[in-house]
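Chain letters run A, B, ... following the sequence lines, proteins first, then strands; residues in each count from 1. The figures that follow rest on heavy atoms only: side chains count, while hydrogens, waters and symmetry mates do not. Fair warning: this is a prediction, and the values are worked out from it, not measured in the lab.
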Protein chains: 2
Amino acid sequence: MADINNSAKNSAGQAALSPDGGAEGAPGAAKAPVWDIIELLFFAYRDFVGDPDEVLAKYAFGRAHHRVLHFVNRNPGMKVADLLDILNITKQSLGRVLKQLVDQGFVEQKEGEQDRRQRLLYVTAKGEALSLKLALLQTERIERAFGQLGPGSHDTARRFLTAMIDDDNREGVLRLMARADRVKRG
Amino acid sequence: MADINNSAKNSAGQAALSPDGGAEGAPGAAKAPVWDIIELLFFAYRDFVGDPDEVLAKYAFGRAHHRVLHFVNRNPGMKVADLLDILNITKQSLGRVLKQLVDQGFVEQKEGEQDRRQRLLYVTAKGEALSLKLALLQTERIERAFGQLGPGSHDTARRFLTAMIDDDNREGVLRLMARADRVKRG
DNA sequence: CAAAATATGTCAACATGGCTGACATAAATA
DNA sequence: TATTTATGTCAGCCATGTTGACATATTTTG
């Protein structure tokens, strides 16, 4: 709120602060918020998750259904407990949307072979189709962005987003993604 | 569930798909979803917005309050209608959280000078302090990420996130951010 | 000036998707 | 056999979104 030596700003109307302008010497002591990234994350994510909404609405589904469908599609045969860990919600919350997905034939539950207490989750053909449809919508936006940026932007974005994940969680997330990738493409 | 010719994966446990491996020739025809970015956005954003939660809980506030407080702090004197546009919610929804923020002395409303129907929004000192506290929490995560990536990562992240915003909205968002920057920094 | 449009607020009712707590069942494990 | 585990379910609460209707003050317009 004071106002000294600045007013210079780059193309995005921000920065020139953390990259060098701002004090960054003291380790661990964040002085000025990185407002631009904070706000851009808000707007980017808002538009990103907004894409599938109209499609979901046609089935009377919401974002909660989308998340469940997505992870079951990506990790066929996963346990209910695994899904709870990923989504970070209670089994009661999950139960509600999962039941709807099962009742309407988007997700199937099969008894575990080794452990018959488990209800392993699979998408049906219908479920996979919907999951794919939604993912392709989001992919359009992502690839449009990559198109505007240079080559290597995919890798850069991946590295940035990966670094934004909790240190505690990062390994687990990467393992999950690697496994999903193996299963779906194997 | 079969398992053929792969298992090679890069450091992030994914990729080798869109960057080159996958078909990308047909313009406009997205064939394969960019699963990695889709999932990483989910996890990164989840952790990112999760940071402020415990602090907010001490005031019995939620993420809705956080969003309002943030934008009012960044755009002092903004109209209620502007805030509604940004947040994309109804005035009834906004009214609820805004009232709490006003009642508890985090936000003030002042009559517009030219147009006395307007209730221009300002954070109080208390509100600014809280907004800053929350932003610094998120900044820690962001700068930790920038630290893990090379120099120039701030700029790269900004460009990526900017490109992810709706074409229709991008200009408006950038204008808003530029204006906020001007106002807050003098 | 009177009429219409605008900015905001408010009441009431409802939906979604989180949550806690308690309890039930079947199957695995000690 | 006793306990633990994986899952499901009932009941109710909370936060935050929605729609629709209506009120009030103020500005703008015909």
(message) Tell me if the CD atom of B:E111 is crowded by more than 12 foreign heavy atoms within 6.0 Å.
(response) yes
(message) Heavy-atom count check: over 12 atoms from other residues, nucleotides or ligands less than 6.0 Å from B:K126 NZ?
(response) yes
What integer distance in Å separates [X]:[atom1] from [N]:[atom2]?
X	N	atom1	atom2	result
B:D82	C:dT6	CG	P	16 Å
B:Y59	D:dA15	OH	P	18 Å
A:L121	D:dA6	CG	P	14 Å
B:L84	C:dT8	CG	P	8 Å
B:K79	C:dT8	NZ	P	6 Å
B:L101	D:dA15	CG	C1'	14 Å
B:Q109	C:dG9	CD	C1'	10 Å

(message) For nucleotides 25-30 of chain D, give me one character per nucleotide, 5' to 3': B if any protein heavy atom sits under 4.0 Å from the base, S if the only such contacts are to the sugar-phosphate, - if neither.
(response) BBS---
(request) Go along nucleotides 16-23 of chain C 5' to 3' and tag each nucleotide: B for a protein heavy atom under 4.0 Å from its base, S when only backbone or sugar atoms are that close, - otherwise. (result) -BBBBBB-
Minimum side-chain heavy-atom gap [X]-[Y] below 4.5 Å:
X	Y	result
B:Y45	A:M164	no
B:F48	A:F42	no
B:V123	B:E108	no

(request) May I ask you to check whether A:H66 and A:D53 show a side-chain donor-acceptor distance below 3.5 Å? (result) no
(message) Is a donor from one side chain sitting under 3.5 angstrom from an acceptor on the other, for A:H70 and A:R74?
(response)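 No, no side-chain donor-acceptor contact under 3.5 Å.
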(message) Distance check, rounded to the nearest 0.5 Å: A:I165 atom CD1 versus A:L174 atom CG?
(response)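 Those atoms lie 6.0 Å apart.
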(request) Using the ring-ring contact (aromatic ring centres under 6.0 Å, His included) rule, collect all pairs that involve residues 84-123 of chain B, keeping only residues at least two apart or in two chains. (result)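 Residue pairs passing ring-ring contact (aromatic ring centres under 6.0 Å, His included), neighbours aside: B:Y59-B:F106, B:F61-B:F106.
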(request) For the helix from C:dC1-D:dG30 to C:dA30-D:dT1, measure the angle between the helix axis at one end and the axis at the other, each built from five pairs, rounding to 10°. (result)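 One end's axis against the other's: 20°.
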(request) May I ask you to decide whether A:R141 forms a salt bridge with B:D166, counting only side-chain N to carboxylate O separations under 4.0 Å? (result)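 Yes, this pair counts.
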(message) Less than 4.0 angstrom from a charged side-chain N to a carboxylate O is my criterion; do A:D115 and A:K79 meet it?
(response)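 A:K79 and A:D115: not salt-bridged.
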(message) Quick check on contacts: within residues 42-57 of chain A, what sits under 4.0 Å from DNA chain C by heavy-atom distance?
(response)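 When residues 42-57 of chain A is checked for heavy atoms under 4.0 Å from DNA chain C, there are no hits whatsoever.
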(request) Keeping the roles fixed (side chain from A:T162, backbone from A:R158), state whether a donor-acceptor pair exists under 3.5 Å. (result)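 Pair found, side chain donor or acceptor close to backbone of A:R158.
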Residues 86-98 of chain A side chain polar contacts: donor-acceptor under 3.5 Å, at least two apart:
unit_1, atom_1, unit_2, atom_2, d
A:T90, OG1, A:S93, N, 3.3
A:T90, OG1, A:S93, OG, 3.2

